[in-house]
Amino acid sequence: MTWHVPEDDLRAYATGDLAPPRLWSADTHLMACERCRLALGAHADPDELAAGWARLDAELDAPRPGPVESLLTRVGVPDHTARLLAATPVLRRSWLTAMALTLLLGAIVGRQTTPLLLLLTAPLLPLVGVAASFGPALDPTYEMAVVAPVHTFRLLMVRTVAVLATTVPVALAASLAVPSFGAVTVGWLLPALALTTLGLALMPWLGTVAAPALVGFGWVAALLADQLLSSHGALFPLTSAGRLAAGGAALAAAVALAAARDRFETGRHLNPSLRFTAGRLS
Amino acid sequence: MTHPTISASGLSLSYRGTRAVDEVSLRLERGVTGLLGPNGAGKTTLLRILATATPPDRGALTLLGHDPSTVRGRLQARRELGYLPQNPGFHSGFTAFEFVDYVAILKEHTDRRARHAEVRRVLDEVGLAEVRGRRIRALSGGMRQRVALAAALVGDPGFLVLDEPTVGLDPEQRMRFRELIAAAGEGRTVLLSTHQTEDVAMLCHRVVVMDKGRVRFDGTPGELVARARGRVWASPERSPEALAGWRTGTGEFRNVGDPPAGARLLEPTLEDGYLLTLDGASEVTV
């Protein structure tokens with residue numbers, strides 16, 4: 001064994017002041033290295049050391065931080081939030097769904113001669129990702145989470161940011177791979193922001209499936225209508241007025257979302273019991 | 001009566017024309033209170049209201065001194081609340097430790113070491129110390145229920161809401177779970193929803209019977225049994241006067257209802273009192 005826990009880290013470990021991820025390294029190393037365990041004894045009294053070994057024993061069954069969790073912690077995300085993000089299976093599912101759709105989109109749009117399909121689908125990817133990460137229909141622990149003191153809205157926002165932080169760059173990279181559309185390749189970003197925010201803002205009233213579905217279908221219908229009815233060449237969302245409208249809609253939806261934050265705690269349509277056993281309440 | 005820790009008055013909730021909870025008033029104290037009722041009685045909806053998962057349409061509720069109709073009160077109540085839903089959802093790929101750790105984060109246990117110590121404590125408390133590293137999908141139904149109970153116990157809540165935790169467990173698992181609920185009821189207010197009158201007879205100092213969204217009985221198990229005194233009798237054939245009757249292992253019929261003159265009366269059970277209460281369908285508070 002060539003690496004050992006530095007003296008400063010051992011001192012901090014003994015007093016309980018060593019922070020992740022160095023704490024995790026020390027935990028793992030101390031389990032295997034007698035030399036470092038003896039060195040640790042010089043920094044702590046026997047009672048504290050015994051308590052420390054009890055804690056270490058508990059850590060043996062504790063979740064091992066994976067690469068994503070370690071990375072999040074290194075960039076400053078609090079370790080409990082990193083754990084919440086890395087350990088949430090529905091979040092992984094939503095990432096995978098969004099990534100798969102993005103790759104599919106990249107493959108299909110590359111063959112298109114107009115940006116319509118890109119504009120129809122790309123803005124919906126973040127919305128799909130967010131919708132797949134939250135709600136009683138998809139999250140088996142939703143009911144336990146709802147009655148936990150962590151505010152449901154905060155949980156939703158944490159997951160939304162996590163989904164957007166991964167899906168938007170990937171979708172953007174995929175759309176930039178289709179250079180023939182020029183500025184169109186980034187023209188879906190504002191609509192994506194507006195649609196995602198609007199979908200979230202409607203959830204307390206319509207539910208976690210119906211709200212994004214309605215927004216998605218509405219977007220597709222409006223865009224197809226624009227394509228059929230408009231006499232000018234450019235699709236409305238790609239015009240200056242369209243960008244302004246998307247920005248305004250995103251802002252209005254954000255205000256509505258902020259105003260509705262407490263409804264995520266009490267909204268009837270977000271309640272798993274009423275949602276699943278309507279007409280047959282038990 | 002000691003000071004109630006949970007107080008509900010006139011709770012009502014309707015959804016799409018169904019009145020699931022209808023003017024329910026309750027005062028719960030420390031110890032285990034049983035909530036009995038048939039399917040569709042409104043037990044789960046009432047439990048969800050008391051667990052702050054669903055707000056009532058009407059009525060007043062105080063949980064451990066907090067008013068859950070306000071944002072601040074709801075937050076405070078949730079910090080002192082443990083909830084085991086009827087169908088606790090698991091991420092089956094998690095180990096028992098990982099799942100309880102995940103719930104502990106949701107319960108604001110942010111310090112990693114302190115949280116892990118708490119996870120270990122509750123898993124020890126429910127007797128799962130030896131399997132804490134095992135994946136949930138590899139655990140038996142009884143063990144999964146204990147994992148869910150451990151998650152509900154994180155943070156040492158003052159009010160524990162348990163929704164039919166013994167459903168689907170074999171007799172040995174059920175007995176083990178009863179021990180855990182009895183231990184959890186020491187120093188806490190526990191509301192236990194169940195179909196099993198045996199659970200109530202063995203665990204509860206008080207029982208509430210619900211039917212069609214309303215409270216039909218609220219008293220001690222002894223008082224519920226007393227309602228059937230003089231109304232259970234034996235006969236060689238099923239009595240036409242009986243509301244319910246069945247042949248027992250001795251070959252005789254056990255009848256519940258209004259006995260004919262001269263009937264040989266039997267000692268009633270909690271189940272007899274429960275059946276008669278549901279049949280009476282009038283709201284009675286003892």
Side-chain angles (χ1 to χ4, degrees), chain A residues 16 18-20 23-24 27 51-52 54-65 73 78-84 87-90 92 136 139-152 155 261-263 265-268 270-282, chain B residues 13 15-21 39-45 48 51-55 71 74-76 78-79 81 83-99 101-103 105-113 115-117 119-120 123 132-133 148 151-152 161 213:
Chain A
L18 192 62
L23 170 66
W24 301 338
D27 272 345
R55 285 200 303 268
L56 192 56
D57 185 34
E59 294 302 304
L60 290 173
D61 291 315
R64 297 275 177 277
T73 310
D79 84 295
H80 58 278
T81 305
R83 178 81 207 132
L84 207 56
T88 307
V90 284
R92 288 204 289 266
D139 184 355
T141 59
Y142 180 81
E143 198 167 3
M144 282 186 168
V146 161
V147 301
V150 167
H151 201 293
T152 310
L155 198 61
R261 65 193 302 276
D262 285 336
R263 284 187 172 270
E265 303 284 316
T266 58
R268 197 57 71 78
L270 295 174
N271 189 283
S273 57
L274 301 178
R275 196 175 173 285
F276 285 128
T277 58
R280 197 171 58 80
L281 295 172
S282 56
Chain B
L13 188 145
Y15 191 70
R16 292 186 185 169
T18 303
R19 183 161 281 202
V21 172
N39 285 329
K43 303 190 301 293
T44 292
T45 307
R48 282 175 173 144
T52 76
T54 304
V71 174
R74 190 164 52 244
L75 178 67
Q76 294 291 346
R78 286 177 176 178
R79 285 181 174 143
L81 178 82
Y83 178 41
L84 196 165
Q86 193 172 23
N87 299 302
F90 295 106
H91 299 305
S92 59
F94 277 7
T95 64
F97 194 107
E98 284 171 336
F99 179 75
D101 186 55
Y102 178 80
V103 174
I105 294 173
L106 295 175
K107 288 189 168 186
E108 298 180 318
H109 290 251
T110 53
D111 181 80
R112 187 171 186 268
R113 277 189 170 171
R115 186 175 74 243
H116 287 177
V119 171
R120 200 161 83 132
L123 285 171
R132 64 189 183 214
V161 179

(request) State, to 0.1 Å, how close B:Thr110 and A:Asp79 come at their nearest heavy-atom pair, and which atoms those are. (result) O-OD1, 4.0 Å

(request) For residues B:Phe99 and A:Met144, report the shortest heavy-atom separation together with the two atoms involved. (result) CZ-SD, 3.7 Å

(request) Sort out for me which of B:Leu81, B:Leu106, B:Leu84, B:Asp101 touches chain A most, counting heavy-atom pairs under 4.5 Å. (result) B:Leu106

(message) Looking only at heavy atoms and a cut-off of under 4.5 Å, which of B:Gln76, B:Arg79, B:Glu108 has the most pairs with chain A?
(response) B:Glu108

(message) Quick one: does any side-chain atom of B:Arg78 pair with a main-chain N or O of A:Val146 as donor and acceptor, under 3.5 Å?
(response) yes

(request) Work out which heavy atom in B:Arg74 is nearest to a heavy atom in A:Asp262; give both atom names and the distance. (result) NH2-O, 4.4 Å

(message) Walk me through whether B:Glu98 and A:Arg83 qualify under side-chain contact (heavy atoms from CB on, under 4.5 Å).
(response) CA-CA 10 Å; B:Glu98 284 171 336; A:Arg83 178 81 207 132; 4.1 Å; yes

(message) Using a 4.5 angstrom heavy-atom cutoff, name the option from A:Pro78, A:Pro149, A:Ala145 with the most pairs to chain B.
(response) A:Pro149

(request) Output, in order, the C-alpha distance, side-chain angles, deciding distance and verdict of side-chain contact (heavy atoms from CB on, under 4.5 Å) for B:Gln86 and A:Glu143. (result) CA-CA 10 Å; B:Gln86 193 172 23; A:Glu143 198 167 3; over 6 Å; no

(request) Quick one: pull up CZ in B:Arg113 and CG in A:Leu23 and give me the separation to the nearest 0.5 Å. (result) 5.0 Å

